[in-house]
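Remember, it's a predicted structure, so these values are computed and weren't measured experimentally. Ligands are counted one by one from 1 in listed order, and the atoms in each one are counted from 1 as well.
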Amino acid sequence: MTTVQATPSVTVGGRRVECAPDQSLLDACLRAGVWMPNSCNQGTCGTCKLRVLEGEVDHRGSPSDTLPEEERQAGMALACQASPRGDVVVSSPGADGGAVRSTHALRDLVATVLSVEDVARDTRRLLLGLEEPLAFSAGQYVELAVPGSGARRQYSLANTPQEDEVLELHVRRVPAGIASDAWAFGSVQVGDRVELTGPLGDFHLPDEADDQGEPMVCIAGGTGLAPILGIVRTALRRRPDREIVLYHGVRGPDDLYDVDRLAELAADHPGLRFVPVLSHEPVPPGSVCRAGFPTDTFVEDVASARGWSGWLCGPPPMVEAGVKAFKRRRMAPRQIHREKFTPADALGSEPPEG
Ligand code: FES
């Protein structure tokens, strides 16, 4: 007689979700539409840290930098890495309490490459057609199985939630990178089929009912523009007269892209101001670009950001400088939203990566 083993479960905030022994707690909850804080999904940011109240987990690939031994001994775990050893009950900040927050359910999808476009120096736009629409919030990302490599890479969506059948990804080339150099700038062909998982990440515009319509400042570095485009266009769709300042920081003029797209958006929405900023190469004569770093440009331009929300996506030094700049201009910390590029092919390659 064979014994059928029951699938382990994870219980959070009174919601019980089945979780296979080789599945992460975060994956199980998000697939069931139960929100848990998450960002990198790679064990590096610590956003998904939770406390195990009952039962045991296998910490699997949890890095000791993010989850030191003393924290493991104290019952902490990384939801994106840990799997259950039997039924577990956990406490996750924000996911606890009587009302557990719902989220767009995490799903596995298949997409077809519809177009590959060079938009700037070492920067491509990929459009992927989905077989069925994907529900997500503006600013979230998907994780793509890089064809022919066995590797997975994360790319932010430049889409608004209404654009749910063709995903727009921005990819920056990283020399010798498995995902960018070998695939997106190498073997990729229109018509290729790719597998992806999504949506993921907490860097997103709030639901419309929770959106206060406050003025926004967005600072994007390189292909960090992708999620910012989704966020800005969604915010303007909700409130066409919303006040938004968008800084796009790049090294030189050849790295800028979607300038015309943003100029058109600004022409239709007088509350939107778009400011391209060049950090390493001279500003061409007659250009509207500014020189320097976008976070410094914001400080020069804005005397007070009290009551504003701030949105940052780019390399970690830019994001850290942005947080300081926002606080210096009196933005409330709870209004500061950030997404750092994480090392994949290399630092600053694909957001959330982008
Ligand atoms: S460490 Fe789990 S989401 Fe970043």
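Heavy-atom contacts of S39 reach the following atoms of ligand 1: 3 (S) (cutoff under 4.0 Å). Using a 4.0 Å cut-off to heavy atoms of T44, the atoms of ligand 1 that qualify are 1 (S). Which parts of ligand 1 touch G43 is read off a 4.0 Å heavy-atom cut-off, strictly below it: atoms 1 (S). The ligand atoms of ligand 1 that sit less than 4.0 angstrom from a heavy atom of N41 are 3 (S), 4 (Fe). Those atoms of ligand 1 with a heavy atom of G46 less than 4.0 angstrom away are 1 (S), 4 (Fe). Listed by number with element, the atoms of ligand 1 under 4.0 Å from a non-hydrogen atom of C45 are 1 (S), 3 (S), 4 (Fe).
Panel note: side chain D255, backbone G252; a donor-acceptor pair is recorded below 3.5 Å.
Comment: E132 engages R107 in a salt bridge, judged by a side-chain N to carboxylate O separation of less than 4.0 angstrom. Checked for salt-bridge contact, R125 and D118 miss the test: no charged N lies under 4.0 Å from a carboxylate O. We find that E71 and R51 are not joined by a salt bridge, their nearest charged nitrogen and carboxylate oxygen being 4.0 Å or further apart. At a threshold of 4.0 Å, the pair R72-E56 does not count as salt-bridged, since none of the basic side-chain nitrogens sits closer than that to a carboxylate oxygen.
At a cut-off of 3.5 Å, with distance as the only test, a side-chain donor of S9 or D87 sits close to an acceptor on the other residue.
Residue-level proximity to ligand 1 for L26 is absent, since no heavy atom of it falls below 4.0 angstrom.
Nearest to atom 2 (Fe) of ligand 1 by heavy atom, out of C48, P63, S62, is C48.
In this pair, F298 and Y247 present their aromatic rings perpendicular. The plane angle is above 60°, beyond the 30 to 60° band.
The nearest N, O or S atom of C80 is closer to atom 2 (Fe) of ligand 1 than 2.8 Å.
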